[in-house]
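A quick write-up on the structure given underneath.
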Amino acid sequence: MRFVSRTATATGCALALSVSGLIFSGAGAAHAGTCSTGYLPLPDPVCTPGSYNPDVTQSTINSTICVSGWTATVRPPTSYTNSLKAQGIIDYGYSDTSMSDYEEDHFVPLELGGSPRDPANLWPEPHYGTETSYTKDGIETKLKNAVCSGRITLAAARSAIRTNWTTALQTTGIG
């Protein structure tokens, strides 16, 4: 986990501390950025390991992820995710600090039953690069459709996306 508690107060702290490159934990100790961008286009697995929504299981997919519009019922508001994004940009040590250049992404997507609000499942994914947040969105949809049609299990889709979303379609045999 990160050294820093990503809370709703992160936005103010992020702005105040971004010049110095220091981050303060709730106890008042300072830390430099703690997450590596060396894994891009994947998140740092220590900082953002991913987590699951316990309400989504193989036996509940027909009343959760396979229902059109279901993710809108669990998606957190931007008032929650924007503060995490601001803190995450610092945690990851991105030199580009423009909030609009990132999506506060669910590493395990809501479409596959990722935890909606757990900071361990949220990270500032860049919109730039060869494999971007936009690329991942298409992969998430294909995996969800395969789960809902019975071509692969929820566990297989989750494992593939958590291991390496860029190869998840090939790993599961649907791409």
Side-chain angles (χ1 to χ4, degrees), residues 1-4 6 33-58 61 64-72 74-76 78 80-82 84-175:
M1 268 312 155
R2 297 179 195 196
F3 290 66
V4 180
R6 291 174 53 185
T34 57
C35 304
S36 174
T37 58
Y39 297 93
L40 286 174
L42 307 174
D44 181 322
V46 173
C47 295
T48 312
S51 62
Y52 302 141
N53 179 342
D55 296 333
V56 180
T57 63
Q58 188 68 45
I61 61 172
T64 56
I65 66 169
C66 297
V67 174
S68 180
W70 179 82
T71 58
V74 297
R75 185 174 307 282
T78 56
Y80 177 77
T81 59
N82 276 348
L84 290 176
K85 185 191 318 187
Q87 184 63 54
I89 289 169
I90 292 172
D91 290 350
Y92 272 87
Y94 290 124
S95 58
D96 173 4
T97 59
S98 175
M99 295 268 287
S100 64
D101 289 339
Y102 303 90
E103 172 183 333
E104 186 66 3
D105 189 48
H106 291 90
F107 180 41
V108 177
L110 299 178
E111 292 86 346
L112 295 176
S115 178
R117 290 180 170 258
D118 185 350
N121 195 42
L122 287 155
W123 73 295
E125 184 177 21
H127 289 308
Y128 53 83
T130 57
E131 300 279 350
T132 69
S133 57
Y134 304 117
T135 309
K136 185 173 178 271
D137 290 344
I139 293 167
E140 294 168 359
T141 299
K142 288 179 181 181
L143 288 170
K144 183 200 76 147
N145 290 341
V147 168
C148 293
S149 69
R151 291 180 25 212
I152 60 173
T153 65
L154 178 62
R158 285 174 163 178
S159 175
I161 207 154
R162 247 178 125 172
T163 300
N164 185 339
W165 69 260
T166 68
T167 61
L169 297 180
Q170 293 79 14
T171 301
T172 57
I174 64 169

Atom of K85, atom of M99 and distance for their closest heavy-atom approach: NZ-O, 3.2 Å
Residue pairs involving residues 126-140 (criterion salt bridge (Lys or Arg N to Asp or Glu O under 4.0 Å); sequence neighbours excluded): D105-K136, K136-E140
Atom pair CG (D101) and OG (S133), whose distance is rounded to the nearest 0.5 Å: 10.0 Å
Euclidean distance, R117 CZ relative to H106 NE2, rounded to 0.5 Å: 9.0 Å
Passing option when Y92 is tested against T37, T48, D44, T34 for side-chain hydrogen bond (donor to acceptor under 3.5 Å, both in side chains): T48
Residue pair W70 / N53: nearest heavy atoms and the distance that separates them: CH2-ND2, 3.8 Å
Any donor-acceptor pair under 3.5 Å from E104 side chain to N82 backbone: no
Residue pairs involving residues 163-174 (criterion salt bridge (Lys or Arg N to Asp or Glu O under 4.0 Å); sequence neighbours excluded): none
Note, D91 side chain near C47 side chain (heavy atom, < 4.5 Å): no
Residues that S100 engages under side chain to side chain contact (heavy atoms under 4.5 Å, CB included), provided they are two or more places apart: S98
Within-4.5 Å side-chain heavy-atom neighbours: I65 and L154: yes
Smallest separation among heavy atoms of D96 and Y102, with atom names: O-OH, 2.6 Å
Minimum-distance pair of heavy atoms, taken over all atoms of E111 and T71: N-CG2, 3.9 Å
Residues which pass side-chain hydrogen bond (donor to acceptor under 3.5 Å, both in side chains) with S51, listed by chain and number, not counting sequence neighbours: D118
Polar contact flag, side-chain donor to acceptor under 3.5 angstrom, H127-T132: no
Of all pairs that satisfy side-chain hydrogen bond (donor to acceptor under 3.5 Å, both in side chains), the ones with a partner from residues 160-175, not counting sequence neighbours: Y52-R162, N164-T166
Polar side-chain atom of N121 near backbone of S115 as donor-acceptor pair, under 3.5 Å: yes
Inter-residue atom distance L169.CG - I161.CD1, 0.5 Å rounding: 8.0 Å
Contacts of type side-chain hydrogen bond (donor to acceptor under 3.5 Å, both in side chains), residue S149, not counting sequence neighbours: none
Validation row: L110, P116 side chains within 4.5 angstrom (heavy atoms): yes
Residue pair V56 / R158, side-chain heavy-atom distance below 4.5 Å: yes
Check: Y94 side chain, P124 main-chain N or O, donor-acceptor pair, under 3.5 Å: yes
Heavy-atom side-chain proximity of L143 to I139 below 4.5 angstrom: yes
